[in-house]
A.B. asks: 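Got a structure for you, written out below as structure tokens; questions coming shortly.
Keep in mind that the numbers below use all heavy atoms, side chains included, and drop hydrogens, waters and symmetry copies.
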There are 2 protein chains.
Amino acid sequence: MRRSEFWLQALRQGGYRLTAARRAVVRVLAESEHTLTPAEIYQAGRRFYPALGLVSVYRTLEKLEELGLVQRVHRAEGCNTYFPSAEGHQHVLLCRRCQQAVFFSGDDLEPLVGRLQAETGFRIERHWLQLFGLCSACREKEEKDDE
Amino acid sequence: MRRSEFWLQALRQGGYRLTAARRAVVRVLAESEHTLTPAEIYQAGRRFYPALGLVSVYRTLEKLEELGLVQRVHRAEGCNTYFPSAEGHQHVLLCRRCQQAVFFSGDDLEPLVGRLQAETGFRIERHWLQLFGLCSACREKEEKDDE
DNA sequence: CCCTTATTGAAAAGATTTTTCAATAAGGGC
DNA sequence: GCCCTTATTGAAAAATCTTTTCAATAAGGG
């Protein structure tokens with residue numbers, strides 16, 4: 001099943017109605033390979049549903065986040081970008097130029113977390129890990145810019 | 001040397017003047033053990049310098065960040081908290097209740113980064129790692145609340 | 001095909017951050 | 001110590017971004 005269909009189904013099961021506005025937001029974000037801001041989702045969503053309002057983008061993101069389908073992605077330049085949630089224990093690697101986002105897993109923070117809990121007395125509950133860099137396409141483009 | 005003195009000296013060497021507004025911001029943030037928002041810094045700073053303006057807090061933070069002395073700390077509830085920068089390769093462990101922040105080091109992401117670069121074609125430049133939990137004081141307080 | 005009520009978009013309100021601007025004061029030069 | 005230049009200030013205005021309000025609409029269970 002495509003991610004957008006799954007999201008619509010999950011909204012339905014969460015007791016929410018399927019409206020044109022929500023379908024447009026889902027369609028844009030579920031299949032995106034880049035993190036998107038509310039304004040970008042709004043703009044792209046209007047191509048599918050011209051009457052879409054920015055407010056509905058915000059409200060739909062709120063629900064998708066609540067259902068665990070969407071995550072907010074923070075960056076130095078701003079914290080208002082969204083992306084499909086990682087499944088299981090995954091994090092994202094982000095291109096700083098084109099905003100492409102790629103999931104990865106395989107970090108092993110257990111030993112570190114255990115050690116820090118013992119040393120600091122904190123009970124550690126969650127962690128954020130994000131990697132930043134340049135995707136291969138943007139690397140080529142940057143080299144071209146330098147010429 | 002205390003951190004606040006070091007910051008003042010660094011501002012000076014960066015070509016900036018030492019003003020009462022800047023001294024107040026530095027005094028508040030350099031010795032803080034908690035992440036602080038601009039509004040909190042403003043409020044606390046006014047106790048040392050009542051004429052302080054919120055605008056100067058923003059402008060001073062901008063300069064301190066530019067000099068690498070201060071970092072912006074992001075959280076789910078908001079991205080507008082500030083804290084002294086980590087020295088060298090350090091990250092922060094944050095209490096979700098009282099905003100206490102503790103530096104740590106010892107994460108070893110090299111193998112992961114190397115593997116991902118090979119697999120994805122990205123050139124990985126930076127990473128963000130943050131741990132969230134409850135400090136021991138807040139753990140006790142939460143247990144009391146539950147009673 | 002209703003009928004209830006969740007949802008909508010527009011406009012207003014809020015919150016936060018940035019810009020503008022005349023007044024002030026930092027600190028180098030004397 | 002005292003000018004003099006000019007960076008810096010705080011207040012107010014403007015710009016952004018997000019949330020709330022509200023009457024109109026439409027989703028979807030019966």
Side-chain angles (χ1 to χ4, degrees), chain A residues 5 7-29 35-67 70-82, chain B residues 5 7-29 35-67 70-82:
Chain A
E5 289 163 40
W7 285 12
L8 292 174
Q9 191 178 298
L11 280 168
R12 206 67 208 77
Q13 286 176 357
Y16 297 114
R17 293 182 182 174
L18 296 187
T19 65
R22 287 180 182 158
R23 285 175 199 279
V25 171
V26 165
R27 183 162 171 188
V28 169
L29 187 55
T35 60
L36 296 172
T37 63
E40 287 166 342
I41 296 169
Y42 170 65
Q43 224 181 337
R46 283 174 81 99
R47 289 204 294 269
F48 301 127
Y49 175 54
L52 179 65
L54 179 58
V55 197
S56 289
V57 174
Y58 278 100
R59 287 188 285 222
T60 303
L61 287 173
E62 191 179 286
K63 276 150 192 75
L64 292 171
E65 208 177 349
E66 168 201 316
L67 292 168
V70 156
Q71 66 180 311
R72 190 172 187 160
V73 176
H74 302 248
R75 322 161 158 276
E77 318 83 66
C79 308
N80 59 342
T81 68
Y82 290 84
Chain B
E5 287 164 42
W7 285 12
L8 291 174
Q9 190 178 299
L11 279 168
R12 204 69 207 77
Q13 285 176 359
Y16 298 114
R17 293 181 182 174
L18 295 188
T19 66
R22 286 178 182 159
R23 285 174 198 279
V25 170
V26 165
R27 182 159 171 190
V28 169
L29 188 56
T35 60
L36 297 172
T37 63
E40 287 166 342
I41 296 168
Y42 170 64
Q43 223 180 338
R46 283 174 79 99
R47 290 204 294 269
F48 302 126
Y49 177 55
L52 178 65
L54 179 57
V55 197
S56 289
V57 174
Y58 278 100
R59 287 187 283 220
T60 303
L61 287 173
E62 192 179 287
K63 276 152 191 73
L64 291 172
E65 209 179 349
E66 169 201 316
L67 292 169
V70 155
Q71 65 181 311
R72 189 172 188 161
V73 175
H74 302 249
R75 323 161 159 276
E77 318 83 65
C79 308
N80 58 342
T81 69
Y82 291 83

A.B. asks: Is there a side-chain contact between A/Asn80 and the phosphate of D/dC17, meaning an N or O under 4.0 Å from OP1 or OP2?
C.D. replies: no

A.B. asks: Tell me every residue that passes side chain to side chain donor-acceptor pair (under 3.5 Å) with A/Glu66, counting only those two or more places apart in sequence or in another chain.
C.D. replies: A/Tyr16

A.B. asks: I'd like to check the side chain to side chain donor-acceptor pair (under 3.5 Å) partners of A/Glu65; sequence neighbours left out, ordered by chain and number.
C.D. replies: none

A.B. asks: From C/dG27, D/dG28, C/dT17, pick the nucleotide closest to the side chain of A/Leu18?
C.D. replies: D/dG28

A.B. asks: Look for any protein N or O under 3.5 Å of an N or O in nucleotides 28-30 of chain C and output each such pair with its distance, or none.
C.D. replies:
| residue | atom | partner | partner atom | Å |
| --- | --- | --- | --- | --- |
| C/dG28 | OP1 | B/Arg12 | NH2 | 2.5 |

A.B. asks: Atom OH of A/Tyr58 and atom P of D/dT16: how far apart are they, to the nearest Å?
C.D. replies: 13 Å

A.B. asks: Side chain to side chain donor-acceptor pair (under 3.5 Å) with A/Arg17: which residues, sequence neighbours excluded?
C.D. replies: none

A.B. asks: Return the value, rounded to whole Å, for the distance between atom CG of B/Leu61 and atom P of C/dT16.
C.D. replies: 15 Å

A.B. asks: Among residues two or more places apart or on two chains, list those pairs meeting side-chain hydrogen bond (donor to acceptor under 3.5 Å, both in side chains) that have a residue in residues 42-57 of chain A.
C.D. replies: A/Tyr42-A/Arg46

A.B. asks: What is the distance from CG of B/Leu11 to C1' of C/dA26, rounded to the nearest Å?
C.D. replies: 14 Å

A.B. asks: Do any N or O atoms from the side chain of B/Arg72 and from the backbone of B/Cys79 form a donor-acceptor pair under 3.5 angstrom?
C.D. replies: yes

A.B. asks: Apply side chain to side chain donor-acceptor pair (under 3.5 Å) to A/Arg75 and list each qualifying residue two or more places apart in sequence or on a separate chain.
C.D. replies: A/Thr35, A/Gln99

A.B. asks: To the nearest 10 degrees, how far apart in direction are the end axes of the helix from C/dC1-D/dG30 to C/dC30-D/dG1, each fit to five base pairs?
C.D. replies: 40°

A.B. asks: With sequence neighbours left out, write down each residue that passes side chain to side chain contact (heavy atoms under 4.5 Å, CB included) with A/Arg23, or none if nothing qualifies.
C.D. replies: A/Leu8, A/Leu18

A.B. asks: Ignoring hydrogens, what is the shortest heavy-atom contact between B/Ile41 and B/Leu52? Give both atom names and the distance.
C.D. replies: O-CD2, 4.4 Å

A.B. asks: Give the minimum heavy-atom separation between B/Leu67 and B/Ala10, together with the two atoms involved.
C.D. replies: CD1-O, 4.0 Å

A.B. asks: What is the distance, to the nearest angstrom, from the CG atom on A/Leu36 to the C1' atom on D/dC17?
C.D. replies: 17 Å

A.B. asks: Tell me, for nucleotides 2-11 of chain C in 5' to 3' order, what letter each nucleotide earns: B for a base near a protein heavy atom under 4.0 Å, S for only sugar-phosphate near one, - for neither?
C.D. replies: ---BBSBBBB

A.B. asks: In whole angstroms, how far is the P atom of C/dA15 from the CD atom of B/Glu77?
C.D. replies: 18 Å

A.B. asks: With sequence neighbours left out, write down each residue that passes side chain to side chain contact (heavy atoms under 4.5 Å, CB included) with A/Glu5, or none if nothing qualifies.
C.D. replies: A/Met1, A/Arg2

A.B. asks: Starting at CD1 of B/Ile41 and ending at C1' of C/dT17, how long is that distance when rounded to a whole Å?
C.D. replies: 14 Å

A.B. asks: Can you measure from CD (B/Gln71) to CG (B/Leu61) and round to the nearest 0.5 angstrom?
C.D. replies: 12.5 Å

